[in-house]
Protein chains: 2
Amino acid sequence: MRPLGVRVDDWLKDSEEVGPSWLTVDLAIFTLRDDQLMVLLIERGLDPFNGMPAMPGGYVQKDETLRDGALRELAEEAGIDGSQLHLEQFGTYADPGRDPRGRVVTVAYLALGPNLPTPVGGTDAARAFWAPAARLEDGALRLAFDHQTILTEALEEVRRKLEYTAVATAFCGETFTLRDLRTVYEVIWGQPLDPSNFRRKVLNTPGFVQPTGDQWLPPTGRPAALYRRGHAWLLNPPLLRAATSGQRG
Amino acid sequence: MRPLGVRVDDWLKDSEEVGPSWLTVDLAIFTLRDDQLMVLLIERGLDPFNGMPAMPGGYVQKDETLRDGALRELAEEAGIDGSQLHLEQFGTYADPGRDPRGRVVTVAYLALGPNLPTPVGGTDAARAFWAPAARLEDGALRLAFDHQTILTEALEEVRRKLEYTAVATAFCGETFTLRDLRTVYEVIWGQPLDPSNFRRKVLNTPGFVQPTGDQWLPPTGRPAALYRRGHAWLLNPPLLRAATSGQRG
DNA sequence: ACACTTATGGTCACAGCAACCATAACTGTA
DNA sequence: TACAGTTATGGTTGCTGTGACCATAAGTGT
């Protein structure tokens, strides 16, 4: 092992309480396929947890920002060009016991995109595949490290952000119909929405979507107007889920 | 320098692209004093940036969780017992150039509490003091590292969370009047709110606050009922700012 | 008794919403 | 061509929550 290439405080040098750590990014990549919310997993090709499913991710290189690292891993492990999709940091996990190799800090990123391609095998990962996001919560999936926790929290973050931000458009292509956008909400929230009311709310929210002027001809039915993302990120008013069951708080 | 005490992947060992990093937590500590939102700063006692104001924080120790590290720094540098206040991770900053000593990753925590005490000088910090949060945005303050960026983002996070969560109660004591709670919103949003309407919204939001049955006698005026925090965290419906000026999105 | 202050409660007009119905514009088939 | 089927779009109605504003309650000190 080579010595550390960093200078540290005098106090730090004398202390045995602080040690170096390894910095990684892990990606919670969600997309919509066949009207289902899917999450990208890889099968680990190395110990620890060899053979187990895990989040795509890897070490952040020297002189690389977290975001750049996330984009690189997105390309390497999932074959996805990240410049087209929504990438957002959402949490950092560093519990001492989370990785048997030592103190490994992972910064988790949310990556959302429209109908992403079937992933090619990456460089490190033995295999990459889409799994229904619902599997994360029914306990039918056992993941490496604390990735089960991370992905569950990522999923909840997506659901919540759908209400208050325009993040739903990240699941649509460059242009999309209101039907496409509504399907995003319906699939992720797991409940049908009234087309007419949805339309009114979206169009009355300034900056949510912009009409392109073009139309899309469905296989059957009336043509639908096409839209693209607006400039707004925070939705005001928010597009709230009906407070049907459960607690409201 | 002692060798690393961690095992790493074969791939990692061979690579010069990945190096160790140092893990710190930095704290954005906000409180209300004299009807002003204040942020806690320390004056650095060490290079780099010796003598400059900075966020309280420090290295995370081995076998310590991020949260425990944040709580320890809260006690060491600010003399604050963190068990009573709201502590929440909100972002991680790791740009290669952010610290001249090398790759230092900092996980930023939001710490919110009611009228916190004037800080005693900490162990590392030369001096700790409260500064008006408004100073963060008027450019009158120059902070060490990227702390200016971090604190500005923290402030925006607080403002936003006020709308959608019950975080405002974190700025109040164990029990509080609706006037106290309203003052939190008024100070942080910088706009007056109608007492009557505020009352109705808060009481109609299930789980936001619970009446204690006790009263508080102000120096003048009618006694006010006392409340404590409710069980709800997400507010439904949210307590939205009036969409007066500016963009709504 | 009175003014002063603050908490609490109510009214009213209006905006946004859910539920529902109606129409438009395309497809394919008899 | 006529028609059913399908989907997008548009409108109506009753209800709920909101902002602006007014009224009352319950303390203080003079």
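Residue numbers begin at 1 in each chain, while the letters A, B, ... track the order of the sequences. Any value given below was found using the heavy atoms of this structure, including those in side chains, with hydrogens, waters and symmetry copies removed.
- We find that CH2 of A:W216 is positioned 16 Å from P of D:dT6, with the value rounded to whole Å.
- Atom CG in B:L226 sits roughly 17 Å away from atom P in C:dT6 (whole-Å rounding).
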Inset, instruction - List the steps, then state whether side chain to side chain contact (heavy atoms under 4.5 Å, CB included) holds for A:T106 with A:R98. - result: CA-CA 10 Å; A:T106 194; A:R98 66 174 294 277; 3.3 Å; yes

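- For A:F198 and D:dG11, the CZ to P distance is 19 Å, given to the nearest whole Å.
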Taking only N/O atoms, report every protein-nucleotides 28-30 of chain C pair under 3.5 Å with atom names and distance.
none

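- Between A:H147 and A:F145, the two ring planes are tilted [angle within 30° to 60°].
- Of all nucleotides listed (D:dT18, C:dT8, C:dA7), C:dA7 comes nearest to the side chain of B:R182.
- Residue B:L193 contributes atom CG, which lies 13 Å from atom P of D:dT18 at whole-angstrom precision.
- At the heavy-atom level, B:R200 lies under 4.0 Å from base atoms of the strands shown.
- Counting only heavy atoms from C-beta outward, the side chains of A:L226 and A:T177 approach each other to under 4.5 Å.
- B:D180 and B:T183 are not linked by any side-chain donor-acceptor pair at a separation below 3.5 angstrom, with hydrogens and angles left out of the test.
- Whole-Å rounding puts the A:D214 CG to D:dA8 P distance at 17 Å.
- For B:L181 and C:dA7, the CG to P distance is 12 Å, given to the nearest whole Å.
- Just one of B:L85, B:L155, B:I188 meets the side-chain contact (heavy atoms from CB on, under 4.5 Å) condition when paired with B:F30; it is B:L155.
- Dashed line: the shortest gap from a side-chain N or O of B:R199 to OP1 or OP2 of C:dA7 is not under 4.0 Å.
- A salt bridge between A:R160 and A:E156 is absent, with no side-chain N of the basic residue lying under 4.0 Å from a carboxylate O of the acidic one.
- Atom CG in B:L240 sits about 14 Å away from atom C1' in C:dA15, given to the nearest Å.
- The 12-atom threshold is not exceeded at CG of A:D34, counting heavy atoms of other residues, nucleotides or ligands nearer than 6.0 Å.
- As a whole-Å value, the separation of B:L203 CG from D:dT16 P is 19 Å.
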Inset, instruction - Determine, for nucleotides 21-26 of chain C in 5'-to-3' order, which nucleotides have protein heavy atoms under 4.0 Å from the base (write B), from only the sugar-phosphate (write S), or from neither (write -). - result: ---BBB

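- Checking B:N197 against A:N197, the closest nucleotide of DNA chain C that is more toward the 5' end is the one next to B:N197.
- Using a 4.5 Å cut-off on side-chain heavy atoms (C-beta onward), A:P211 and A:Y227 make contact.
- Side-chain contact check for B:M38 versus B:P132: some heavy-atom pair is nearer than 4.5 Å.
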